[in-house]
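A short worksheet on the structure shown next.
The model shown is predicted, which means the values in this text are computed figures rather than measured ones. Here is the naming used below: chain letters follow the sequence lines, and residue numbers restart at 1 for every chain.
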Amino acid sequence: MASNRRNSVRRKGKGKEDCGQAPKKDGLKNMKLIVMPEDTMNGHISLSTVVNRLKLKRGDISDAVRKVNSTVDTILKSDAIATHPLFHRMEDIGSGSYYEHLKIIKPNEFDIMLTLSVGRLQLKSYGESGAFYTLSFKRLPAARHPLKKYLDDEGNISAQKIMCDLRCIIKDIIKKLDIPVTIARKKRYSPAITLIFPNEPDSISVDLVLALKPQGSWPASTKGGLDIKNWLGTKVRRELRWKPFYLVAKQPIGEKNAKVETWRLSFSTIEKEIIKNHGQRKTCCENKEDTCCRKSCLKLLKCLLELLKENHKRLHQFCSYHAKTAFLHCCTKYPRDTQWNVKDLEICFDRLVDYFLNCLESAYLPNFFIPSYNHFGSEFIGGSLAFLNSKLVSEKTQGYPVFNSLFKL
DNA sequence: AGGAGCTACACGAG
DNA sequence: CTCGTGTAGCTCCT
């Protein structure tokens, strides 16, 4: 196996033992910080102060990363993986907020894709969204092909069979570790194998997501997606579309027929690349004058959503990926770096919130890569769109008072 | 596989 | 505030 995530075990660092916290419980409140008078503007905390509050602490990063990296290294280098006919080819790629420098408050959630190169496959679209597929071989594979034993009755690659084996292997490995780490119970519809480091009182979770990397160009459903021509340019778009795409072991939510084995498209690697190189000009954020506030705006929107979710159980269906998706569309709508000047943080964030509000009102938030896949589609029940809408409008008109809870004693 | 050199960020000294 | 340093991740190179 090979690592794209990092290349060596790092030095040990000193720091506090208070990094990480269970994502579902508690969440962002119970922060310990006092509001300074100079941080307030007309009774409201300025957004730049909030952004500062969201930064990860160096000591926390050091502590968390040391545990996460050493454990993942141990797993991937273990005999059980290294000698496995299929899994020994896995490569790990850091993805998600932490590796995009978008994680807020604490480094308590890590996403790592475990990728498998699988050659050319037959992708059959499943459902209307263009995001879900069944996978089979174009030609029947040889009997000793490592994927042969993971085919179901119809010759489709079975996500469940693969995930089951991988989960068992990882479970065995971590059982033998001296580090206190457990494996979370399998969640329905979740493609992840989640490691939990139960460092009292906080915990760190690491989502390991198996992702198949088929050869070939992106599926037809992505055709009108990745609308970045005016923002990052046609050349960049062409180059990005030449890069690999991935399929993760995810079943459509609410799928009654459990027999159908589907995989869902994932473009985490492309998202990471866009976030890293997010400016219209190559020099964006390279020096002080060219600093933009795109990432700050996304951090704020993620935080806003998380805080509202903590306060309202009805909002459980919303996730940070919705914020990220709306953000990417917003970047397309406002492509110029001058439209995201760091001096205009408040304006830019209001504008992003407006964009998100529009998605809620129209019940339409297409996946940034798959236009036919509406994240706010029919599975959103019971007026939760309207509910979030009203909460956001209220927050916006009042200058986002919910951010004050980040500074409560 | 492992290291050099790079980027991005946090943070503290001045 | 600016700048130097430490840390982590990533790419390229051998």
side-chain contact (heavy atoms from CB on, under 4.5 Å) involving A/Gln398 - partner list, sequence neighbours excluded: A/Ser394, A/Pro401

Aromatic contact, A/Phe245 with A/Phe369 (centres under 6.0 Å): no

Between atom [atom1] in [X] and atom [atom2] in [N], what is the gap in whole Å?
X	N	atom1	atom2	answer
A/Glu91	C/dG9	CD	C1'	16 Å
A/Leu102	C/dG9	CG	P	15 Å
A/Glu273	B/dA8	CD	C1'	15 Å
A/Tyr99	B/dT7	OH	C1'	17 Å
A/Lys299	B/dA8	NZ	P	14 Å
A/Lys77	B/dG2	NZ	P	6 Å
A/Glu286	B/dC6	CD	C1'	12 Å

A/Arg351 charged N/C atom sitting above A/Tyr334 aromatic ring, 6.0 Å / 45°: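 Satisfied, under 6.0 Å and within 45°.
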
Aromatic A/Trp231 / basic A/Arg336 pairing, under 6.0 angstrom, 45° off normal: no

Close N or O pairs between protein and nucleotides 11-14 of chain B (under 3.5 Å):
unit_1	atom_1	unit_2	atom_2	d
B/dC11	OP1	A/Arg58	N	3.0

Proximal nucleotide (of C/dG9, B/dC9, C/dA8) relative to the A/Asn69 side chain: C/dG9

Touch class at under 4.0 angstrom, heavy-atom based, for A/Lys103 against every strand present: nothing

Sequence-distant partners of A/Arg120, salt bridge (Lys or Arg N to Asp or Glu O under 4.0 Å), two or more places apart: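 In terms of salt bridge (Lys or Arg N to Asp or Glu O under 4.0 Å), with neighbours along the sequence ignored, A/Arg120 is linked to no residue.
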
Toward the 5' end of DNA chain C, by each residue's nearest nucleotide, A/Ser95 or A/Lys288: A/Lys288

Geometric class of the A/Tyr150/A/Phe87 ring pair [parallel <30°, tilted 30-60°, perpendicular >60°]: tilted

Flag, side chain of A/Trp218 to backbone of A/Trp242, donor-acceptor distance under 3.5 Å: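 Not a single qualifying donor-acceptor pair exists.
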
Side-chain N,O (A/Ser62) to OP1/OP2 (C/dA8) below 4.0 Å: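 A/Ser62 to C/dA8 OP1/OP2: side-chain N or O found under 4.0 Å.
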
